Amino acid sequence: MDEMEKWKDKTESDKLTEDEEKIFDQLGFKKGTSRRKFLKQISAASLSMMASSYFTSELFASTAKDLPDDPAVFLNEVKVNLRVNDMLKPLTLDSRTTLLDALRERLALTGSKKGCDHGQCGACTVMIDGKRKLSCLTLAATCEDKEITTVEGLAEDGELHPMQQAFLKHDGFQCGYCTSGQICSSVALLEEAENGEASYVTENFKNIETNIKLSEEEIRERMSGNICRCGAYNNIVQAFKEVHSGDDEMPTWVFATQEQMEKAKNS
């Protein structure tokens with residue numbers, strides 16, 4: 001095939017299809033453009049749409065010649081005072097910054113891990129005003145003046161928290177990625193039990209007492225939001241039981257019976 005035929009084939013393959021021409025017309029572009037140019041224009045349009053979320057309405061209201069010199073107009077900043085581990089941390093953040101990113105990227109508290117970043121794994125669990133929260137789904141701007149406790153803040157006077165000691169004693173972790181979230185969730189669960197808060201498997205909602213001793217079923221249900229991909233669940237339950245009730249016996253893990261499976265299926 002000579003050079004002229006190669007050029008002809010390349011030109012033919014670069015022409016727009018009928019569907020592409022329809023899209024081209026709907027977008028208001030000029031006809032007679034090659035597919036290469038068409039794709040470049042589409043890419044440019046997509047980039048513009050993506051970038052638009054980073055600009056304020058004030059900027060869009062300005063004409064090109066009136067664009068402000070102050071780069072702050074491009075930002076969406078808020079000032080927030082985060083009280084983390086009994087220390088006040090004043091920060092200036094994008095209003096969309098999650099608490100997890102603020103902790104890790106701005107305060108260098110990397111104990112809280114970013115696992116799924118969708119609130120499904122529990123690796124980012126921290127305590128806010130004593131309650132366990134998923135920091136990847138919590139905006140930092142909503143935590144103004146609230147008490148935030150991360151895994152770094154559990155130890156006191158150089159001594160590990162009893163839950164941290166129990167996790168070490170009973171090998172409540174393997175790779176360790178989920179451990180900070182597991183421990184924070186476990187510490188918060190101690191207070192839930194002390195307050196007599198109910199869970200999905202609580203049988204009698206009308207007669208809930210404070211300082212309740214959680215059954216193994218209750219512990220597993222209440223900790224189900226924290227996933228351990230290594231499968232150290234038995235050891236985690238054992239560690240929690242020792243701190244919660246002084247019981248350091250190994251959990252009695254068994255397969256669900258047919259009756260239990262039917263009950264779960266019909267509930």
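Quick caveat: nothing in here was measured; it's all calculated off a predicted structure. The figures that follow rest on heavy atoms only: side chains count, while hydrogens, waters and symmetry mates do not.
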Checklist line | Charged N-O contact under 4.0 Å between Lys263 and Glu259 | finding: no
Item checked: Any Ile183 side-chain heavy atom under 4.5 Å of Leu154 side chain -> yes
Note to self: Once side chain to side chain contact (heavy atoms under 4.5 Å, CB included) is applied, do any residues pair with Glu194, and if so which ones, sequence neighbours excluded?
What the structure shows: Asn211
Next item on the list: Might you point out which heavy atoms bring Thr125 and Gly122 nearest each other, and give the distance in Å?
Entry: OG1-O, 2.7 Å
Next item on the list: Would you please name every residue forming a side-chain hydrogen bond (donor to acceptor under 3.5 Å, both in side chains) with Asp94, sequence neighbours left out?
Entry: Arg96
Check: Mind checking who shares a hydrophobic cluster with Val78, ILVMFWY linked at side-chain heavy-atom distances under 4.5 Å?
Finding: none
Next item on the list: For Asn195 and Thr210, work out which heavy atoms get closest and say how close.
Entry: O-CG2, 3.8 Å
Notebook entry, point to check: Stepwise, does the side chain to side chain donor-acceptor pair (under 3.5 Å) test hold for Glu218 with Ser199?
Noted result: CA-CA 7 Å; Glu218 282 271 15; Ser199 76; 2.6 Å; yes
Margin query: With rounding to the nearest 0.5 angstrom, report the OH to CZ distance, Tyr200 to Arg222.
Written below: 14.0 Å
Check: Say you draw a straight line from CD of Glu262 to OG1 of Thr257; how long is it, rounded to the nearest 0.5 Å?
Finding: 9.5 Å
Next item on the list: Scan for salt bridge (Lys or Arg N to Asp or Glu O under 4.0 Å) pairs involving residues 118-139, sequence neighbours excluded, and state none if there are none.
Entry: Lys131-Glu197, Arg132-Glu192
Margin query: Listing request: all side-chain hydrogen bond (donor to acceptor under 3.5 Å, both in side chains) pairs with a residue in residues 108-121, at least two apart in sequence or in separate chains.
Written below: Asp101-Lys114
Check: Can you list the steps and then say if Glu242 with Gln238 is a side chain to side chain donor-acceptor pair (under 3.5 Å)?
Finding: CA-CA 6 Å; Glu242 178 171 321; Gln238 184 182 11; over 6 Å; no
Margin query: One pair to check against side chain to side chain contact (heavy atoms under 4.5 Å, CB included): Asn226 and Cys178. What are the steps and the verdict?
Written below: CA-CA 8 Å; Asn226 292 82; Cys178 73; over 6 Å; no
Checklist line | Full working for side chain to side chain contact (heavy atoms under 4.5 Å, CB included) between Leu160 and Leu168 | finding: CA-CA 10 Å; Leu160 292 178; Leu168 286 170; 3.5 Å; yes
Notebook entry, point to check: Once you round to the nearest 0.5 Å, how far does CZ of Phe167 lie from OG of Ser180?
Noted result: 10.0 Å
Item checked: Distance in Å, Leu189 CG paired with Met127 CE, rounded so as to fall on 0.5 Å steps -> 11.5 Å
Check: What are the two closest non-hydrogen atoms of Thr149 and Val126, and how far apart are they?
Finding: O-CB, 3.6 Å
Next item on the list: Considering non-hydrogen atoms only, spot the tightest contact between Ile148 and Leu99 and give its length.
Entry: CD1-CD1, 3.9 Å
Notebook entry, point to check: Taking atom NZ of Lys79 and atom OG of Ser95, what is their separation to the nearest 0.5 Å?
Noted result: 15.0 Å
Next item on the list: Write down the atom of Gly119, the atom of Cys136, and the distance for their closest heavy-atom approach.
Entry: N-SG, 3.3 Å
Margin query: Are Leu82 and Asp145 packed together at the side-chain level, in the sense that at least one heavy-atom pair is separated by less than 4.5 angstrom?
Written below: no
Item checked: Sequence-distant partners of His244, ring-ring contact (aromatic ring centres under 6.0 Å, His included), two or more places apart -> Phe240
Notebook entry, point to check: Between atom CD1 of Ile236 and atom NZ of Lys241, what is the distance when rounded to the nearest 0.5 Å?
Noted result: 14.0 Å
Checklist line | Hydrophobic cluster identity match, Leu107 and Ile128, side-chain contacts under 4.5 Å | finding: yes
Check: Under the side chain to side chain donor-acceptor pair (under 3.5 Å) criterion, do Thr150 and Glu152 qualify, and how do the steps go?
Finding: CA-CA 5 Å; Thr150 69; Glu152 292 93 342; 2.6 Å; yes
Checklist line | Contact summary for Thr179 and Phe173, nearest pair of heavy atoms | finding: OG1-CB, 3.0 Å
